[in-house]
Number of protein chains: 2
Amino acid sequence: MDIQLKRGLLEVCVLAAIADEDSYGYKIIKDMKPYIELSESTLYTILKRLETADMLSVRTAEHEGRLRKYYHITPAGRKRIEEFKSDWAEMLSIYRFVTKEDESHVENNIPCGP
Amino acid sequence: MDIQLKRGLLEVCVLAAIADEDSYGYKIIKDMKPYIELSESTLYTILKRLETADMLSVRTAEHEGRLRKYYHITPAGRKRIEEFKSDWAEMLSIYRFVTKEDESHVENNIPCGP
DNA sequence: CGTAATACATCGTATCGCGAAGTATAGTAT
DNA sequence: ATACTATACTTCGCGATACGATGTATTACG
């Protein structure tokens with residue numbers, strides 16, 4: 001997949017990966033892998049960025065002798081996901097512009113989003 | 001709209017704007033405006049990039065005393081649009097991961113893509 | 001005993017969108 | 001007449017970002 005296309009999804013995917021339950025770096029990468037791949041350096045950069053933006057909080061815990069940093073989504077993080085959902089409508093409109101699909105008689109677009 | 005989300009669309013939108021008939025910078029911006037906005041500096045950078053990548057060809061013509069550079073899409077440019085269409089399926093899959101939509105019983109996804 | 005997997009961190013690089021500023025002409029308003 | 005707006009293209013530099021390379025440290029496995 002085109003790298004530029006990935007850019008807008010990475011951050012929100014990381015948030016989605018911790019939305020249901022707290023998670024840690026290595027697990028996030030594995031959970032995201034079927035959908036979108038990212039390197040460790042990218043992930044930890046994103047996590048740091050999201051923490052600075054107060055979209056997640058961090059808690060360090062020991063797990064079998066190793067340290068793990070568990071990430072927890074904040075209300076701001078959930079808001080970010082909601083904003084992505086509204087952006088999706090715009091994305092669809094642009095997609096149709098590119099593919100020259102007729103936008104006027106689209107009735108059933110449920111699978112694409114709200 | 002999120003800037004990062006825009007990134008993957010800009011290039012392919014410019015190609016879409018010249019796909020039906022040759023166009024020039026200023027007109028491309030105006031045609032794209034209802035869907036996605038971009039500054040002149042961005043556009044001309046993209047046009048140069050697409051030209052280098054052989055996705056479009058350029059022809060200079062005079063129009064009412066002023067010079068215009070008309071851009072014409074090449075087969076490589078059309079291929080780029082086709083690749084975007086296939087990428088869209090992946091995008092949808094990621095969208096559903098983020099929104100936790102059930103991917104298993106999606107039958108009618110016509111309005112979203114091919 | 002070495003290799004792979006787990007787990008996190010940092011640095012430098014390349015790409016890219018965009019604001020700012022510049023050049024030039026044609027049409028419109030004051 | 002003069003100023004402003006629209007048209008049309010160009011270049012520079014900044015900031016954001018993804019990622020490969022590299023490093024550190026522990027556990028598990030053969």
Side-chain angles (χ1 to χ4, degrees), chain A residues 1-15 17-18 22-33 35-53 55-71 80 84 87 90 94, chain B residues 1-15 17-18 22-33 35-53 55-71 80 84 87 90 94:
Chain A
M1 173 149 130
D2 178 47
I3 305 160
Q4 301 306 313
L5 217 42
K6 264 176 78 170
R7 286 178 88 106
L9 303 171
L10 280 175
E11 240 186 57
V12 88
C13 269
V14 170
L15 286 171
I18 63 166
D22 296 0
S23 188
Y24 55 95
Y26 218 75
K27 185 165 186 293
I28 294 170
I29 289 177
K30 283 200 289 182
D31 289 343
M32 283 175 61
K33 199 155 199 166
Y35 303 96
I36 192 165
E37 286 187 56
L38 78 173
S39 70
E40 293 178 50
S41 59
T42 303
L43 199 245
Y44 290 111
T45 310
I46 290 174
L47 287 170
K48 185 86 74 173
R49 196 161 69 230
L50 289 172
E51 190 192 351
T52 307
M55 293 190 188
L56 50 77
S57 58
V58 193
R59 159 178 57 92
T60 304
E62 201 180 303
H63 177 84
E64 290 170 14
R66 266 196 294 267
L67 281 183
R68 266 188 192 167
K69 289 178 81 172
Y70 285 91
Y71 297 91
R80 174 76 171 79
F84 169 75
D87 279 347
E90 268 184 75
I94 295 164
Chain B
M1 174 150 127
D2 179 45
I3 304 160
Q4 301 305 314
L5 215 44
K6 262 177 80 170
R7 285 177 88 106
L9 304 170
L10 281 175
E11 237 185 62
V12 89
C13 270
V14 171
L15 286 171
I18 62 166
D22 295 0
S23 188
Y24 55 95
Y26 218 75
K27 183 165 188 293
I28 294 171
I29 289 176
K30 282 200 289 181
D31 287 345
M32 283 175 62
K33 200 154 197 166
Y35 303 96
I36 190 165
E37 286 187 55
L38 78 173
S39 70
E40 293 178 50
S41 59
T42 303
L43 200 244
Y44 290 110
T45 311
I46 290 174
L47 286 170
K48 185 87 76 170
R49 197 161 69 229
L50 289 173
E51 191 192 349
T52 306
M55 292 189 189
L56 50 78
S57 58
V58 193
R59 158 178 58 92
T60 305
E62 201 181 304
H63 178 83
E64 290 171 12
R66 267 195 294 266
L67 281 183
R68 268 189 192 163
K69 291 178 82 172
Y70 285 89
Y71 297 91
R80 174 75 172 78
F84 169 75
D87 280 347
E90 268 184 75
I94 295 163

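Throughout, a chain's letter reflects where its sequence line sits, starting with A, and its residues are numbered from 1.
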Separation of C:dA24 atom P from B:E62 atom CD, nearest Å, is 16 Å

Calculate the interatomic distance between A:E51 atom CD and C:dA9 atom C1'; express it in whole Å. 13 Å

Applying side-chain contact (heavy atoms from CB on, under 4.5 Å), run through A:R7 and A:Q4 and close with a yes or a no. CA-CA 5 Å; A:R7 286 178 88 106; A:Q4 301 306 313; 3.4 Å; yes

Please indicate whether B:L67 has more than 12 foreign heavy atoms, meaning atoms of other residues, nucleotides or ligands, lying under 6.0 Å from its CG. yes

Expressed as a whole number of angstroms, how long is the span from B:K69:NZ to D:dT7:P? 20 Å

Could you tell me the separation between the CZ atom of B:R68 and the C1' atom of D:dA6, rounded to a whole number of Å? 12 Å

Write out a two-atom table: protein N or O, nucleotide N or O from nucleotides 15-18 of chain C, distance below 3.5 Å.
residue : atom : partner : partner atom : Å
C:dC16  : O4'  : B:R7    : NH2          : 2.7
C:dG17  : OP2  : B:R49   : NH1          : 3.2
C:dG17  : OP2  : B:R49   : NH2          : 3.0
C:dC18  : OP1  : B:K6    : NZ           : 2.8
C:dC18  : OP2  : B:T42   : OG1          : 3.2

Any side-chain heavy-atom pair from A:K27 and A:R68 closer than 4.5 angstrom? no

Atom-to-atom span, OH of A:Y26 to P of C:dA9 - whole angstrom: 14 Å

Could you check A:L67 against A:K48 and say which one's nearest nucleotide on DNA chain C is further toward the 5' end? A:L67

With 3.5 Å as the limit, what N/O pairs link the protein to nucleotides 23-26 of chain D?
residue : atom : partner : partner atom : Å
D:dT26  : O2   : A:R66   : NH1          : 2.7

For a 4.5 angstrom cut-off between non-hydrogen side-chain atoms, does A:D2 reach B:R80? yes

Starting at atom OH of A:Y70, determine the distance to atom C1' of C:dA7, rounded to an integer number of angstrom. 11 Å

Whole-Å distance separating the NE2 atom of A:H63 from the P atom of C:dA7: 6 Å

Are any of the side-chain heavy atoms of B:L38 and B:I46 separated by less than 4.5 Å? yes

Provide the closest heavy-atom pair for B:T42 versus B:S39 in the form atom of the first, atom of the second, distance. OG1-OG, 2.9 Å

CA sep, side-chain torsions, deciding dist, call: B:I28, B:L47, side-chain contact (heavy atoms from CB on, under 4.5 Å): CA-CA 10 Å; B:I28 294 171; B:L47 286 170; 4.2 Å; yes

Is any side-chain heavy atom of A:L9 closer than 4.5 Å to one of A:M1? yes

Less than 4.0 angstrom between a side-chain N/O of B:Y24 and OP1 or OP2 of D:dA8, yes or no? yes

Using the side-chain contact (heavy atoms from CB on, under 4.5 Å) rule, take B:K48 and B:Y44 through it: C-alpha gap first, then chi angles, then the decisive distance, then the call. CA-CA 6 Å; B:K48 185 87 76 170; B:Y44 290 110; over 6 Å; no

Phosphate contact (C:dC8 OP1 or OP2) by A:Y44 side-chain N/O below 4.0 Å: yes

Rounded to the Å, how far apart are A:K33 NZ and C:dA5 P? 10 Å

Presence of A:K30 side-chain N/O under 4.0 Å of C:dT6 phosphate oxygens OP1/OP2: yes

